[in-house]
Structure formats: structure tokens, C-alpha cells
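Notes follow the structure.
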Amino acid sequence: MTATHDGRRVLRTAAVGKTDAEWFERHGFAVVQHLVVLRRDLDDITSLLHHSPVADVEVSSHTFARRLARRADRAIGDALVALDGTGFGGDWQLTVDALFHACRSTPTHRVFVARQLGVDIAAPLGYAIVGVAYEAAYLQRLVVAPKHRGRRIATTLVVAGMSWARTNGARRMLVNTEPDNSAALALYRSLGFTTDADGLVVLERETSELS
């Protein structure tokens, strides 16, 4: 994957485990991000499904058509990318195309969008992307607008994703976050996620080194 930042062109890997990371490092890549991996069994999430709803907030779910070709999908995509920038700055913020590819990286996906009751979806309060592949679900993205954090919107989005994933055959959910993201770690652990022994890393290599 090619990314641009600080005036450089780089090749950046997806988040990979130890064995893959060693291969990339042998080929000139360097680690630029460490990630903690958490998982939760989805066989019993009944207690989570009865948490109190957030007042005046509703959550809708969406799938995106091929390359966000539909006008409605594109409008939602633009709104989510703008929101994404409030949670992931710089190189880590999604573009509309990157959002599409994140959604299509698993055989089945849903995008859960939280918004104020009666307010257009183009003004989302938060969103989550959940994908399912075989018996595993992946919480691929979770962002809540800064001024709406602390209202349990993130909890509502994750629980909605867990419920959908279980209905679609997933037995477990995995998510990763940075080791110093204490708010995210506290959220996931409050929902019963536990930390895997092995984490993941993202690596980069400048494209100029390949010429």
C-alpha cells in the first residue's frame, strides 16, 4: 500500500504479526506503529444487549455498494471520512477510497452510524466498521466525535457490531489499538475483551529505496 506523509512516498504494510514482520524487516521495512490486540468470545453477549440506550441517539447500519458508486453511499462516505479525521490524524485518517477498501476487506461487513434523532446521517456522532470472515469478526474502525465522547456512544456502536457479527456466524471479535490509547483499552475491557499475548505492528519503507 502506498501512502504519503511528510513529503515522502512510502510503502506501508497492514497490521501484521511477528512472523510477517520479520519477513518485512529482512526486506528493508521498519516498524512505525505497535498495536495491542484484544479479543472477545461472542457466544454469550446477552448481558451487553440490555445496556441502557443513549438518549436521543439512534444507530443505523449500512453496507457500501461497489466503490461507493451510489450517490447516497458517497454522501455517507464523505461524512464518515470527515468524522474519521477527528479520531485519526495525519497518515492514519481514512480517505473515501480507503474507507471503501476497509469495508470490502472481509466477505461481509456493516458500517454502524450513530446520529442524533431527527438529524441527517450526514452529521454523524460516531461510527464503527465491523467485518466478518468465517467465525471471526473484526472491529476495524471506531470513532466518536470529540464533543460527544463520554456519552456511551462508542459502547453502543461496539455492542451493535457484536450483536450483528454473532448473528452472522462470528464466534469471536478482534480489535487492535495503540498501547497508549487508554480510553480505547478501558472501553474494550469494560465490554469483556482480553489482551492477546502477541500484538501487531505496521511497517514502512520509502519507495525511493526501491529504485
Side-chain angles (χ1 to χ4, degrees), residues 14-21 31-55 57-59 61 80 83-90 92-94 102-103 105-106 108-115 124-202:
V16 297
K18 180 180 179 180
T19 300
D20 288 336
V31 174
V32 294
Q33 187 183 38
H34 290 269
L35 297 167
V36 176
V37 178
L38 303 99
R39 68 173 60 225
R40 194 199 194 281
D41 185 354
L42 297 181
D43 285 343
D44 184 11
I45 60 171
T46 305
S47 62
L48 297 179
L49 301 180
H50 300 295
H51 77 289
S52 300
V54 181
V57 172
E58 61 181 345
V59 174
S61 68
L80 297 185
L83 174 61
D84 197 79
T86 69
F88 297 88
W92 308 110
Q93 179 182 356
L94 293 180
C103 292
S105 64
T106 54
T108 308
H109 78 276
R110 282 293 187 280
V111 180
F112 296 89
V113 181
R115 66 180 186 275
L125 306 180
Y127 87 103
I129 301 174
V130 178
V132 170
Y134 304 104
E135 293 189 342
Y138 301 91
L139 179 56
Q140 297 167 271
R141 206 70 166 180
L142 176 65
V143 182
V144 175
K147 67 179 181 179
H148 293 286
R149 293 172 188 169
R151 298 180 57 194
R152 294 183 296 107
I153 292 173
T155 296
T156 299
L157 288 166
V158 176
V159 171
M162 294 168 73
S163 177
W164 170 81
R166 188 182 66 170
T167 301
N168 282 270
R171 302 291 303 276
R172 61 192 177 277
M173 176 174 279
L174 295 97
V175 62
N176 61 65
T177 190
E178 293 182 302
D180 59 354
N181 192 339
S182 56
L185 290 170
L187 167 68
Y188 298 136
R189 287 169 180 156
S190 74
L191 293 172
F193 284 80
T194 57
T195 305
D196 272 5
D198 296 324
L200 300 172
V201 295
V202 177

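Each residue takes its place number in the sequence, starting with 1. What you see is a predicted model, and the numbers here were worked out from it, not measured in a lab. Every heavy atom of this structure was used, including side-chain atoms; hydrogens, water molecules and symmetry mates were not.
To the nearest 0.5 angstrom, R40 atom CZ is 9.5 Å from T194 atom OG1. Once rounded to the nearest 0.5 Å, the distance linking CG of N176 with CD of Q140 reads 10.0 Å. For the atom pair CG (L174) and CZ (F193), the distance works out to 8.0 Å, reported to the nearest 0.5 Å. Distance CG/L157 to CE/M162: 13.0 Å, rounded to 0.5 Å. In this structure, the separation between CG on L38 and CG on L185 is 6.0 Å, given to the nearest 0.5 Å. Distance CH2/W164 to CE/M173: 8.5 Å, rounded to 0.5 Å.
Between G126 and L83, the shortest heavy-atom contact is CA-CD2, 3.6 Å. Between T86 and A145 the shortest heavy-atom distance is OG1-CA, 4.2 Å. The shortest heavy-atom contact between V54 and I153 is CG2-N, 4.2 Å. The minimum heavy-atom distance between T108 and N168, with the atom names listed, is CG2-OD1, 4.5 Å. Across all their heavy atoms, V202 and A15 have their closest contact at CG2-CA, 4.0 Å. For the residue pair G17 and L200, the shortest heavy atom distance occurs at N-CD2, 3.6 Å.
Considering only heavy atoms from C-beta on, E178 comes within 4.5 Å of L35 through its side chain. A heavy-atom distance below 4.5 Å is found between the side chains of I129 and V111. When side chains are defined from C-beta on, V159 counts as touching L49, because their heavy atoms get closer than 4.5 Å. At a threshold of 4.5 Å between non-hydrogen side-chain atoms, the residues L142 and Y188 count as touching. The closest side-chain heavy-atom distance from H34 to V201 is below 4.5 Å.
Atom CG of D43 sits in a crowded spot, with more than 12 heavy atoms from other residues, nucleotides or ligands closer than 6.0 Å.
A donor-acceptor contact under 3.5 angstrom links the side chains of Y127 and D84, judged on distance only. Judged purely by distance below 3.5 Å, without hydrogens or angles, the side chains of R151 and T156 never pair a donor atom with an acceptor atom.
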Next on the checklist: Set out, in order, the CA-CA distance, both residues' side-chain angles and the distance that settles side chain to side chain contact (heavy atoms under 4.5 Å, CB included) for L187 and T155, then state yes or no.
Outcome noted: CA-CA 7 Å; L187 167 68; T155 296; 3.3 Å; yes
